[in-house]
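Sequence lines set the chain letters: A, B, ... in the order given, protein chains first and strands last, and positions in each chain run from 1.
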There are 2 protein chains.
Amino acid sequence: MTMTVVADALKKRGFRVTAPRIRIFNVLQKASYPMSVQEVKMGTKGVDTVTVYRTLEAFKRVGLVAQVDLQLGRALYELKEGKSDHHHIVCVSCKKIEDFTGCDYQPIAQQALKQSKGFTKIINHSLELFGLCTLCATK
Amino acid sequence: MTMTVVADALKKRGFRVTAPRIRIFNVLQKASYPMSVQEVKMGTKGVDTVTVYRTLEAFKRVGLVAQVDLQLGRALYELKEGKSDHHHIVCVSCKKIEDFTGCDYQPIAQQALKQSKGFTKIINHSLELFGLCTLCATK
DNA sequence: ATTCTACTTGCAAATAAATTGCAAGTAGAA
DNA sequence: TTCTACTTGCAATTTATTTGCAAGTAGAAT
Ligand SMILES: [Mn+2]
Ligand SMILES: [Mn+2]
Ligand SMILES: [Zn+2]
Ligand SMILES: [Zn+2]
């Protein structure tokens, strides 16, 4: 995902391409794990926390970023990039996060829709695994 | 799930059976959807918010309650009861929540473990679907 | 039944997360 | 270059969650 892709994605939706948005994008791109708002702010120095919140929200709306909930008491965010659907394993003890790929959720979504009275379409899903990492498991 | 089950589960882990804990349990039992701390507090009237937090945490530890994250900015909680593994569909617009059952996540978990370098066991998982309910879809 | 003590609770205060209002700044169209 | 709607930073709020502590009590021991 190049920067022109970002610019285009933003423009296409009526968003302007600004310095804070570019910086935030770059921070996310370097990260190897989903980041909290505070972490993103740390990485950009100079960009206000509120701007990080608003930018991540904008990125989410244009589909550049995914919000991840790992039961840590705050939301995390990561670039979707070209990467297919991937998810996470989290150590419930030390909070270590690993990615994994290969979530075939379509059958589950189909079954859910079949049961549902009020929904006819799924537009997104979250799937996270929780465990003990080998390090914490030995303690 | 009867109340003696609660009492036993608590006692077994060294927790005392108290009035606030019973009330909170009853509120959760009546609910047909996962509740926020504030909603639980509303339902109990007289029990302090802090006690709700601490009790839900205790219930979580003894396995009575599951925490659910629906990207709403706060955690939700629901009784596990005897009910097997079930999950939710959430309307991203009006936040309507529906249950669904039939999450066969074992293959996914196995595949995740196969890929993982730092984990050898999954002890929990979260899976939530996001969509537009039929009502919101027509707007 | 009474005593004892570790576990619980409520209240207040602190911390942390997320949102809102607004004036000043600026991207990008004209 | 001009103009204006979109953005930003800063301060203030609101909402969520945690912590400290003194007073209360469940449940074991007597
Ligand atoms: Mn990831
Ligand atoms: Mn449920
Ligand atoms: Zn760990
Ligand atoms: Zn809806």
Side-chain angles (χ1 to χ4, degrees), chain A residues 3-4 6-27 34-62 64-78 92 95, chain B residues 3-4 6-27 34-62 64-78 92 95:
Chain A
M3 218 167 71
T4 45
V6 196
D8 292 347
L10 288 169
K11 282 181 184 167
K12 196 194 314 179
R13 308 262 189 150
F15 290 113
R16 292 182 186 167
V17 181
T18 67
R21 285 172 179 168
I22 303 292
R23 282 195 220 124
I24 290 169
F25 173 81
N26 285 329
V27 169
M35 304 178 82
S36 69
V37 166
Q38 288 308 318
E39 289 172 322
V40 172
K41 184 196 163 61
M42 298 287 82
T44 56
K45 58 184 172 194
V47 178
D48 193 81
T49 306
V50 176
T51 301
V52 176
Y53 274 106
R54 294 195 271 227
T55 299
L56 290 173
E57 184 58 34
F59 282 4
K60 234 174 77 177
R61 278 205 299 277
V62 303
L64 277 179
V65 153
Q67 179 179 332
V68 182
D69 260 300
L70 302 181
Q71 312 210 344
L72 303 176
R74 63 187 164 281
L76 304 182
Y77 302 85
E78 64 182 357
V92 295
K95 314 304 181 191
Chain B
M3 219 168 69
T4 46
V6 197
D8 292 347
L10 289 170
K11 282 180 185 167
K12 195 195 313 178
R13 308 261 189 149
F15 292 111
R16 292 182 186 168
V17 181
T18 67
R21 286 173 178 167
I22 302 293
R23 282 195 221 125
I24 290 169
F25 173 82
N26 286 330
V27 168
M35 303 178 82
S36 69
V37 167
Q38 289 307 318
E39 288 173 324
V40 171
K41 183 195 163 62
M42 297 286 83
T44 56
K45 57 185 173 191
V47 178
D48 192 81
T49 306
V50 176
T51 300
V52 175
Y53 273 105
R54 295 195 270 227
T55 300
L56 290 173
E57 184 57 33
F59 283 4
K60 234 174 77 177
R61 278 204 299 276
V62 302
L64 278 179
V65 153
Q67 179 179 332
V68 182
D69 261 300
L70 302 181
Q71 312 208 344
L72 302 176
R74 63 187 164 280
L76 304 182
Y77 303 85
E78 64 183 356
V92 295
K95 315 305 180 190

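- Atom pair Leu76(B):CG and dA16(D):C1' shows a separation of 12 Å (rounding to whole Å applied).
- For the pair Asp48(B) CG and dA23(D) P, the interatomic distance rounds to 17 Å; values are reported in whole Å.
- Residue Thr18(B) has no polar side-chain atom (N or O) positioned under 4.0 Å from OP1 or OP2 of dT8(C).
- At whole-Å resolution of the value, CG in Leu70(B) and C1' in dA16(D) are 16 Å apart.
- Note on Arg54(B): a base of the nucleic acid sits closer than 4.0 angstrom, heavy atoms only.
- In this structure, Arg16(B) reaches the bases: a heavy-atom distance under 4.0 Å links it to at least one base atom across the strands shown.
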Side chain to side chain contact (heavy atoms under 4.5 Å, CB included) between Gln67(A) and Tyr77(A), worked out: CA-CA 5 Å; Gln67(A) 179 179 332; Tyr77(A) 302 85; 3.9 Å; yes

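- In this entry the distance linking CZ of Arg21(A) with C1' of dG9(D) reads 14 Å, nearest Å.
- When each of Arg74(A) and Val47(B) is assigned the nucleotide of DNA chain C with its nearest heavy atom, Val47(B) is the one assigned upstream, toward the 5' end.
- Nearest heavy-atom pair across Asp48(A) and Lys41(A) is CA-NZ, 4.0 Å.
- Rounding to the nearest 0.5 Å gives a distance of 14.5 Å between CZ of Phe25(A) and OG1 of Thr44(A).
- Nearest nucleotide to the side chain of Tyr53(B), out of dT18(D), dT9(C), dT19(C): dT18(D).
- Comparing dT19(D), dG28(C), dG9(D) against the side chain of Val50(B) picks out dT19(D) as the nearest.
- For Arg23(A) and dT7(D), the CZ to C1' distance is 13 Å, given to the nearest whole Å.
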Run the numbers on Arg23(A) and Val47(A) for side chain to side chain contact (heavy atoms under 4.5 Å, CB included), then give the verdict. CA-CA 9 Å; Arg23(A) 282 195 220 124; Val47(A) 178; 3.3 Å; yes

Please report the C-alpha distance between Val17(B) and Lys11(B) in whole Å, then the side-chain angles of each, then the deciding distance to 0.1 Å, and finally whether the side chain to side chain contact (heavy atoms under 4.5 Å, CB included) criterion is met. CA-CA 7 Å; Val17(B) 181; Lys11(B) 282 180 185 167; 4.0 Å; yes

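- As the counterpart of dG25(C), dC6(D) is assigned, both hydrogen-bonding distances of the Watson-Crick or G-U wobble pattern falling under 3.5 Å.
- When both distances must be under 3.5 Å, the Watson-Crick or G-U wobble mate of dA11(D) is dT20(C).
- Computed from coordinates, the Lys60(A) NZ to dA18(C) C1' distance equals 12 Å when rounded to whole Å.
- Summarising the geometry, the separation between CD on Gln67(B) and P on dA16(D) is reported as 14 Å, rounded to the nearest angstrom.
- Atom-to-atom, NZ of Lys11(A) to P of dT7(D) comes out at 13 Å; the value is rounded to the nearest Å.
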